[in-house]
Chemist: 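Take this structure, written in structure tokens, and hold onto it; I'll ask about it next.
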Protein chains: 2
Amino acid sequence: MAKKGQYTYEYQHPAVTADCVVFGYDGKELKVLLIKRGAEKEASTTAYVGEWALPGGFLDVEKDKTIAHTAARELKEETGLKLSVKDFKEVGTFSDIKRDPRERVITIAHYALVKLSEVQADTDADKADWFSWGDIPHLAFDHDKILRVAFSRLKQDIHFEPVGFDLLPEMFTLPQLQNLYESILEVKFDRRNFANKMKHFKILSEVEDGTPRKGTRTPLKYRFDKDNYDRLKRNGFQLEF
Amino acid sequence: MAKKGQYTYEYQHPAVTADCVVFGYDGKELKVLLIKRGAEKEASTTAYVGEWALPGGFLDVEKDKTIAHTAARELKEETGLKLSVKDFKEVGTFSDIKRDPRERVITIAHYALVKLSEVQADTDADKADWFSWGDIPHLAFDHDKILRVAFSRLKQDIHFEPVGFDLLPEMFTLPQLQNLYESILEVKFDRRNFANKMKHFKILSEVEDGTPRKGTRTPLKYRFDKDNYDRLKRNGFQLEF
DNA sequence: AGAAAAATGCGTAAATATTACACAAATTTA
DNA sequence: TAAATTTGTGTAATATTTACGCATTTTTCT
């Protein structure tokens, strides 16, 4: 344990943290990973004990190559979820002078998208939980605000990025994809126009799963055609809706 | 002057700065405001002396309400340009562990748009200068990279925001507006289609400047119709190009 | 001075994209 | 067992985007 008052500077320095908004999708609802604050953390972080919060923590000045590394490291430590640094997208800085009661702390918020079905098992259930969007409890610090901003960023990004790639399992149905878009964009689409548009981009391939279609009520399975998607993206497209 | 080694913390803290990319437009070219490092600054900031850099400086932990306040304060101190905190848009965080040779410094980059004709006189010519885009010298620290990212952010934002409002003088011509769009988006548009699209949005009003039009080679003057623009923006539009 | 080139405004036809909408079949719900 | 819901498919009407011609005046070139 570090000795108290070990590090001195000529001018005041703020503490810097990275916070993570991790979005998942279970085929029906958008979800967010939250942690319960308090329990087994060291003394210096005992603010808002017992409340729910975004996973995140302090920049390690000597070890974290970038602030995204902080995000990845802290997410792992606090929730068990191991993501690549590249999976984190920066949302923005939250720097209000009073946002942390202990000292001046500015945080760089990030978001990440995960395939819920593949990572849910990794989530340390003692400390962390997945909450449905629209069923989020009040959060510690200014994390409510951070969550709103992160969501609106996701909402913007969905126009240009294949968020489906990251949130959906390998195989998925068109209704699932549409529901995901509707959840994020908070609108409803005409089923047929949605399908036409998606097919027009040619980034979906129908999956032959052996079972001869039993009937029209059993939706077809698709997977993303990564090659076509990448080509499309390089040429600068808009996955416009 | 603060005594050396006055501030102590239990854990290491990074220094935090705000950097500013200030864009202007002179009717022909996009420009950026840069400062010459070195001269009359205190001892602690004598890295990259003599090189050009983005204006910016350290967060005042006790006084700066947010990091955007840092940006506004430092821009004023270093260039004489006095902008409102609201004029700064966050670009992102640059946190590479070695980006500053002195100590760990993470910076939050911002950009701002100004009417060059109205602020050029305020610019302190001893310390700062306006550089044409495409004629930017090598910059200190990782400021080259910051500049590129800021520009690409501006390029994105122009689809949804009226950057013309901020960069152009009160009155301007359609060719000027088009040239501005072309400079930022780095493409060429068909003159007639550009005009049609702009007029279709109904955010331009033709200015009657008394002088009966002398000929088609004298472009008409317009100003922005702020009311219509605001209404359009509230309803969620895309100033699509 | 005169000729050539470039810039401006205006408008329209063709191509492309978006929107609205109906039906048949199978599954789920009541 | 009937009713309601869900899925797939396709087309006509509407709106948007793109490509382009012409008359005129200023600027540039010789």
Chemist: Would you kindly give the CG-to-P distance between Asn196(A) and dT18(C), to the nearest whole Å?
Modeler: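 Going from Asn196(A) (CG) to dT18(C) (P), I get 11 Å.
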
Chemist: Can you measure Asn193(B) atom CG to dG11(C) atom C1' for me and round it to whole angstrom units?
Modeler: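 For the pair Asn193(B) CG and dG11(C) C1', the rounded distance is 11 Å.
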
Chemist: The criterion is side chain to side chain contact (heavy atoms under 4.5 Å, CB included); which residues satisfy it with Pro137(A), sequence neighbours excluded?
Modeler: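 Residues passing side chain to side chain contact (heavy atoms under 4.5 Å, CB included) with Pro137(A): Leu34(A), Trp52(A), Phe131(A), Leu139(A).
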
Chemist: Parallel, tilted or perpendicular: which fits the ring planes of Phe160(B) and Phe160(A), with parallel below 30° and perpendicular above 60°?
Modeler: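 Answer is perpendicular, since the angle exceeds 60°.
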
Chemist: Is the phosphate of dC10(C) approached by Lys199(B) (side-chain N or O, under 4.0 Å from OP1 or OP2)?
Modeler: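 True: Lys199(B) side-chain N/O within range (under 4.0 Å) of dC10(C) OP1/OP2.
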
Chemist: For residues 164-180 of chain B, pull every pair meeting salt bridge (Lys or Arg N to Asp or Glu O under 4.0 Å), keeping only residues two or more places apart or in separate chains.
Modeler: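 Residue pairs passing salt bridge (Lys or Arg N to Asp or Glu O under 4.0 Å), neighbours aside: Glu170(B)-Arg223(B).
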
Chemist: Nearest-Å distance, CD (Gln178(A)) to P (dT6(D))?
Modeler: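 It is 12 Å, rounded to the nearest whole Å.
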
Chemist: Over how many whole Å does the gap from Phe194(B) atom CZ to dT8(C) atom P extend?
Modeler: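 Value for this atom pair: 12 Å.
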
Chemist: Under the side-chain contact (heavy atoms from CB on, under 4.5 Å) rule, what do Glu78(B) and Asp124(B) come out as? Steps first, then yes or no, please.
Modeler: CA-CA 8 Å; Glu78(B) 295 195 330; Asp124(B) 182 341; over 6 Å; no

Chemist: Keeping to residues at least two apart or across chains, list the salt bridge (Lys or Arg N to Asp or Glu O under 4.0 Å) pairs with something in residues 82-96 of chain B.
Modeler: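 Sorted result for residues 82-96 of chain B: Lys89(B)-Glu161(B).
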
Chemist: Specify the separation, in whole Å, of atom CG of Leu177(A) and atom P of dG8(D).
Modeler: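 The distance from CG of Leu177(A) to P of dG8(D) comes to 12 Å, rounded to the nearest Å.
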
Chemist: Which of the following nucleotides, dT12(C), dT7(D), dT26(D), is nearest to the side chain of Pro219(A)?
Modeler: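 Nearest to the side chain of Pro219(A) among the choices is dT7(D).
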
Chemist: Return the value, rounded to whole Å, for the distance between atom CZ of Phe189(B) and atom C1' of dA19(D).
Modeler: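 Atom CZ in Phe189(B) sits about 15 Å away from atom C1' in dA19(D).
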
Chemist: What pairs with Arg148(B) under salt bridge (charged side-chain N to carboxylate O under 4.0 Å, His left out), at least two apart in sequence or on another chain?
Modeler: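 Partners of Arg148(B) under the salt bridge (charged side-chain N to carboxylate O under 4.0 Å, His left out) test: none.
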
Chemist: DNA chain D: Asp190(A) or Asp190(B), which has the more 5' nearest nucleotide?
Modeler: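 Between the two, 5'-proximity favours Asp190(A).
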
Chemist: Where the side chain of Leu220(B) is concerned, which of dC20(D), dG9(C), dG10(D) is the nearest nucleotide?
Modeler: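 Nearest to the side chain of Leu220(B) among the choices is dG9(C).
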
Chemist: Can you find a donor-acceptor pair, distance only, under 3.5 Å between Arg217(B) side chain and dA6(C) base?
Modeler: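 Present.
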
Chemist: Kindly say whether, by distance alone, the side chain of Arg192(A) makes a donor-acceptor pair under 3.5 Å with the base of dG10(D)?
Modeler: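 Answer is no: no donor-acceptor pair is held.
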
Chemist: Take the C1' atoms of the five end pairs on each side of the helix from dA1(C)-dT30(D) to dA30(C)-dT1(D), derive the two axes, and give their angle rounded to 10 degrees.
Modeler: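 Between the first-five-pair axis and the last-five-pair axis there is 30°.
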
Chemist: Rounded to the Å, how far apart are Lys197(A) NZ and dT18(C) P?
Modeler: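 Distance, rounded to whole Å: 4 Å.
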
Chemist: Taking side chain to side chain contact (heavy atoms under 4.5 Å, CB included) as the test, write out the residues that go with Glu118(A), two or more places apart.
Modeler: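 Per chain and number, Glu118(A) pairs via side chain to side chain contact (heavy atoms under 4.5 Å, CB included) with Lys115(A).
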
Chemist: Just compare dT9(D), dG10(D), dC20(D) and give me whichever is closest to any side-chain atom of Arg191(A).
Modeler: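 The answer is dT9(D).
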
